[in-house]
Structure formats: structure tokens, C-alpha cells
Number of protein chains: 2
Amino acid sequence: MIIDCHGHYTTAPKALEEWRNRQVAALGNPAATPDVNELRISDDELRETIATNQLAKMKERGIDLTIFSPRASFMAHHVGDFQTSSAWAGICNELCHRVGRLFPDEFVGAAMLPQSPGVDPATCIPELERCVKQYGFVAVNLNPDPSGGHWKSPPLTDRHWYPIYEKLVEYDIPAMIHVSTSCNPCFHATGAHYLNADTTAFMQCLSGDLFKDFPKLRFVIPHGGGAVPYHWGRFRGLAEMLKKPLLRDHLLHNIFFDTCVYHQPGIDLLTKVIPVENVLFASEMIGAVRGIDPETGFAYDDTKRYVEAAALTPQQRHQIYEGNVRRVYPRLDAYLRGRGR
Amino acid sequence: MIIDCHGHYTTAPKALEEWRNRQVAALGNPAATPDVNELRISDDELRETIATNQLAKMKERGIDLTIFSPRASFMAHHVGDFQTSSAWAGICNELCHRVGRLFPDEFVGAAMLPQSPGVDPATCIPELERCVKQYGFVAVNLNPDPSGGHWKSPPLTDRHWYPIYEKLVEYDIPAMIHVSTSCNPCFHATGAHYLNADTTAFMQCLSGDLFKDFPKLRFVIPHGGGAVPYHWGRFRGLAEMLKKPLLRDHLLHNIFFDTCVYHQPGIDLLTKVIPVENVLFASEMIGAVRGIDPETGFAYDDTKRYVEAAALTPQQRHQIYEGNVRRVYPRLDAYLRGRGR
């Protein structure tokens, strides 16, 4: 089977955005804050937004299942305070959970966390636990920069983040390291901030020794690892200069890259440079880049075409499509086995 | 001939760093600021640091000439105020000029600018003019983030930067877009901040219409363009979504990428994806990555080996090594012609 480990609910009904707009508008005036229960979206509406969008494309492209989390650019952790993020994360996660219940064979949830700038990440644990225990979610998205492009949190190797890591290890779920929108005018969200965050997160891990403290912690770095595979020689050399072990030993038991790279030469490089057991199939469809590539006549984000055309054996392709994802997301594997898959 | 368009004086005599340390130590106490004339470095010392380092490696690797600018990570524009940067840039540029006079066949200067956070870039013009007119420098390094990792300046497309661009066009010199060190603990300087800045600068240009205002302005984006060539499909798709022309028309008359990518698959991708006329040979030697790659037995930053092994015709290789650099740096071309080369 083919598992896309990186999908967001980018097509949620308009009512969601309207509720959020009301929440944001009320920031200076708490009495006007909308109640969570004021958002009403029917199952039919959810079904419609999925069936005509993500699911239609999955069928068209031959993708069997998507790990599905709230829209990354809408997490906007920089907005308001912890209460703001908490209500918003609760709503967004619940919608992904409902999508998973409506389409149990095609969608399994991953959580956004109610992060907020300057707030102890431990405050995210109740929502994380709810999503794992009540919803059966199989992963979380962790934002290394809840300030939205100002980068005011400590590096991912700092003890600041350890309460989250302890829970991830306890539940045996990976974190996709995924920023949200940028409110720094220097950084275009999907054209700079996302890729920069991927590179930054990798280099933070390279500089530190986080995985000595958490040998079972697993990070998925999306968007093909930002600039990392393209500069793999640079990173190998920097590891040597920083007196770290070889990257394979230092990081590759714990860090995985997805295949959200939207042209053939990029996927060719990724699959050539990074050991195949560290590459996870993903498309982030329907996401940042929605057009048809005039050079191929196919969607930019139809990454399955690139993986099909890459110089891989059928066995390696199977690892990327399914085997690696089941290994990195053991709760997904258990869920699938429970359904005889 | 083979021209390396990206070299820094990373091996300057210790006295330079000592002068800088005194300057920084005096920040709270202007009376203690060392005078520029207190720094004394002899020609022999300069000769020694070059002959045993950059020049030795150039000879070993077969590189004929390097465009040589002050050490990027030491620019540290975030330190002090405009006066601080002004004295420091003046000293560093003069040293590069002296290296060029001592080795006129092998080194030609490029300027650092006395940028300072929050200060009008127009204040850099006197130093820029001095370097071009008195020193014969052929380019400048422009730091898009003088705050050193906090990204508080407007994007490169903002009118904020136009006074610099007007001078670059007037003198027909390119700017290499090159940040300095990071004082944001999230960003490792050479492992994250440099690459992020390259990606960010490209995306700023993609999002705007700067080159409509300055059709002759030329930017060199170092380190192989950060994440850009690896994600070329993403950027082509984003240009379409932002209703911009094809990247070739929108940006590639004005933006060039160097070859500071430290492994073969990276150079293979760069030279495959980016039109050959937009690729400029460079190594940034002696720079960020100084070791020997155990996988090849050669220096990571010996980028000529990768260009030699890439699938290029001799004519294309000549463009990358020399033709493109002479076109993008016309003052270098004039200098070389004046010397019968």
C-alpha cells in the first residue's frame, strides 16, 4: 500500500475559518470570544470537502492512506496566548479525527499542538494525550518556532522541549517538525520559512546530542529536509568539524525525510543521497503548490510520479511507500494491522 | 582560466581579530576605541597567510583567480553602530585590497559594506565608492540581515535597499547576497543561517518585481542557492501561483548561483536544473567546511572536482569557470583584459 505521511486539512469548510476569524477579532475583548460549540460542521460537509479534494486526488494518484493533520499555515501559534491556541488546536484536531472516522481506511490523524510563544511546551501535553488516547492519532506536528518567523524559542535540543519528547517516547509516536505561517515579512511562508525551518531543525540536531538523551525519539523533517540533502556533503563536513559521529550514526536512527520535493531531479537527489530507510513517502497534497507543471503536464505535488521514476528497486520503493512509515509510526502500523492490512 | 567568484580572507593575521576584539570591548566606552591606524600588518604577513593557504590550494586545485572579500562571518554587522561597522569594513576591505596588490594575477577584491541594523543602507555608499574607485573592487557582499539572525530589515525588494542598487547599477557591479554570523541561538551560522538566507533572498525576489525597477541589477546567491535548486519545482509552482512570469524570465536575467555545494550529487542537481549561464564557479575556500571527505579522500570544498565530473560539455564548463563570471562581473573582465588575459 502507499501511505502519504504528510497531509493537512487545507480544504476544511469555510465555517472553520470564520470561527477562527471571530476568535482572533476577540483577542482584545475576551467577552467576545466565540465558544467552541458555536462551530457547527456536519458530517456531510466534512465528507464533501474530503471526497472532492484529497480523496479524489488520492484515488487518481493511487495513494491508499494519508496521515492527516490540521492545516499547518493556520496553526498560527503566534496568535493570542495559550488559551487561544488551546481552543483552536482542540477544534482543528477534532475535525481531523472526524475525517478519520468518516474515512477510516484512508485517513489517520496527527495532532497540532496548542503551542504559544514563551509558554512551557508541557502545557501541550493534555491535548497530545487526548489526541493519542481518545482519537487514536499516530503522530504530532511540532512547531520549532511558535513565534511565526522570529525564532525566539530555544533550539530543539534544549531541555525546554523535553516534556514533549518524554510523551512522544512514552506513546512511541514521531513528531513532524513543521512550522506554521510567517509573520516576519522577510520570510514567505511556503517559499522560505518552511524550508528554512527544515534546515534549521536538522542543524540544531546535528549540533547537539539530543538523541543520546532520547534514543527512541523520532523526527520527520518535511519538504524533503529543506536544504539538507542538497547540501549533504556540507553537513557531513560540519559534523566532522563539530566532532560528532558520522551522520548515519549521529542522526539517522532518529531523523527521517519526507518526499515533498516537487520535481524529478530533487527526488532523484533525495533518494540517492539519503539512505532509503530514512525516506518516507509524502506529498503535502492539497498544499503549498497546487498547479500543473507545464514541463510535465502533471501536478507539481504528485510526488508519486517522481518516486516511480527514481532509480529505486521495487523493494526500496516499497520501503518508502509503506515499510518505513509503518516503522516510524508504529501506532499507524498497529491500527492497520487491527484492520487486517 | 578558472575563476572562483567566492573567496573570503578567513586566514587574516591574528592582529586583525585582536583589533576587532578591542573595538568590540570598547563599545560601552568610546574613549577606549582603538584607532584604525593602531592595526599594523606587514606585506610579508599578508603574503604569508595567503601563500600558505588560499594560494597554495588554488595552485593545487588549478584555480587561477579568486574574487576575494572580507571574512563573511566576521562582518558581524549587528555589533555596535554605523561607526563600528564603518571602521571595521574600512580595515577589512583595505586588507583585501592589499592582498590584490600583492597577488594581482590571483586575487581581485570584493567589498563588505558597513551595514548596521536599522541604519539607512545609503550610509554604505561612500565605502562602496571607495572600494570601486580607489581599490578597483569588482563586486560587493550585501547582507540581507544585518541583525544577525533576527531578520529585522525589510525584504530585498523593498525601497529601503534602492540607494545601494542604484550604485551597483551605476558601477555595473553585482552583489553577492551573503549574511554574516548568527547571534540567534536557533541558527547555526554556516549550517543553517547561510543556507536559509540564500533561500530567503531568492524567495523575496520571486515574490516581488525588483528587476522591473532595476533590469540590470545582478545578485549572486551563494552556497548553490541554499535550498532553491533542490526545490526548483516548488519555486516554479509558487511563481505560477503568485502570477509571476516563468522563473527564467522573472529572475534568471538577474540572479546567479555559485557552486559552493560540497558533494557530487548536489553539483549534479545544480548544473542539471539551473541553466548553465546562471551558474558561477566558486568554492568559498578556505571557509565553512575544511575537512577531507572520507567518502572521496578529497576536500569537501574542492568543488572543481564536482564540476569536472558533472555531465557538462567543455563549452558549458568554460561558461561556469570563466565566461559567466566575466559577464556578471564586467569590471573583473575589464581588469583581466587590461592585463592581457
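Just so it is clear: chains get the letters A, B, ... in the order the sequence lines come, proteins before strands, and each one is counted from 1.
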Candidate polar pairs, chain B side and chain A side, donor-acceptor under 3.5 Å:
residue, atom, partner, partner atom, Å
B:W151, O, A:N184, ND2, 3.2
B:N184, ND2, A:W151, O, 3.2
B:C186, O, A:Q204, NE2, 3.0
B:T190, O, A:R234, NE, 3.0
B:T190, O, A:R234, NH2, 3.1
B:N196, ND2, A:T200, OG1, 2.9
B:T200, OG1, A:N196, ND2, 2.9
B:Q204, NE2, A:C186, O, 3.0
B:H223, O, A:H231, NE2, 3.3
B:G224, O, A:Y230, OH, 2.8
B:G226, O, A:H231, NE2, 2.9
B:Y230, O, A:H263, NE2, 2.7
B:Y230, OH, A:G224, O, 2.8
B:H231, NE2, A:H223, O, 3.3
B:H231, NE2, A:G226, O, 3.0
B:R234, NE, A:T190, O, 2.9
B:R234, NH2, A:T190, O, 3.1
B:R236, NH1, A:D293, OD1, 2.7
B:R236, NH1, A:D293, OD2, 3.4
B:R236, NH2, A:D293, OD2, 2.8
B:E240, OE1, A:Y300, OH, 3.1
B:H263, NE2, A:Y230, O, 2.7
B:D293, OD1, A:R236, NH1, 2.7
B:D293, OD2, A:R236, NH1, 3.3
B:D293, OD2, A:R236, NH2, 2.8
B:Y300, OH, A:E240, OE1, 3.1

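- Counting heavy-atom pairs closer than 4.5 Å to chain B, the top-ranked of the candidates A:P154, A:P294, A:G291, A:G266 is A:G266.
- Top candidate by heavy-atom pairs under 4.5 Å with chain B, chosen from A:C186, A:G225, A:A192, A:A288, is A:C186.
- If you measure heavy-atom distances from B:L242 to chain A, the contacts under 4.5 Å come from the side chain alone.
- Annotation for B:P185 and A:P155: closest pair O-CG, 3.4 Å, computed over non-hydrogen atoms.
- Considering every non-hydrogen atom in both A:G237 and B:V289, the closest pair reads CA-CG1, 3.6 Å.
- Within the 4.5 angstrom heavy-atom criterion, no atom of B:A197 approaches chain A.
- Neither the backbone nor the side chain of B:P144 has a heavy atom closer than 4.5 Å to any heavy atom of chain A.
- Options A:A201, A:G224, A:G226, A:G149 differ in how many heavy-atom pairs under 4.5 Å they form with chain B, and the most are formed by A:G226.
- Pairing each heavy atom of A:A227 with each of B:A227, the nearest pair is CB-CB, 3.6 Å.
- The ring pair (Phe, Tyr, Trp, His ring centres under 6.0 Å) search around A:F211 returns A:F219, not counting sequence neighbours.
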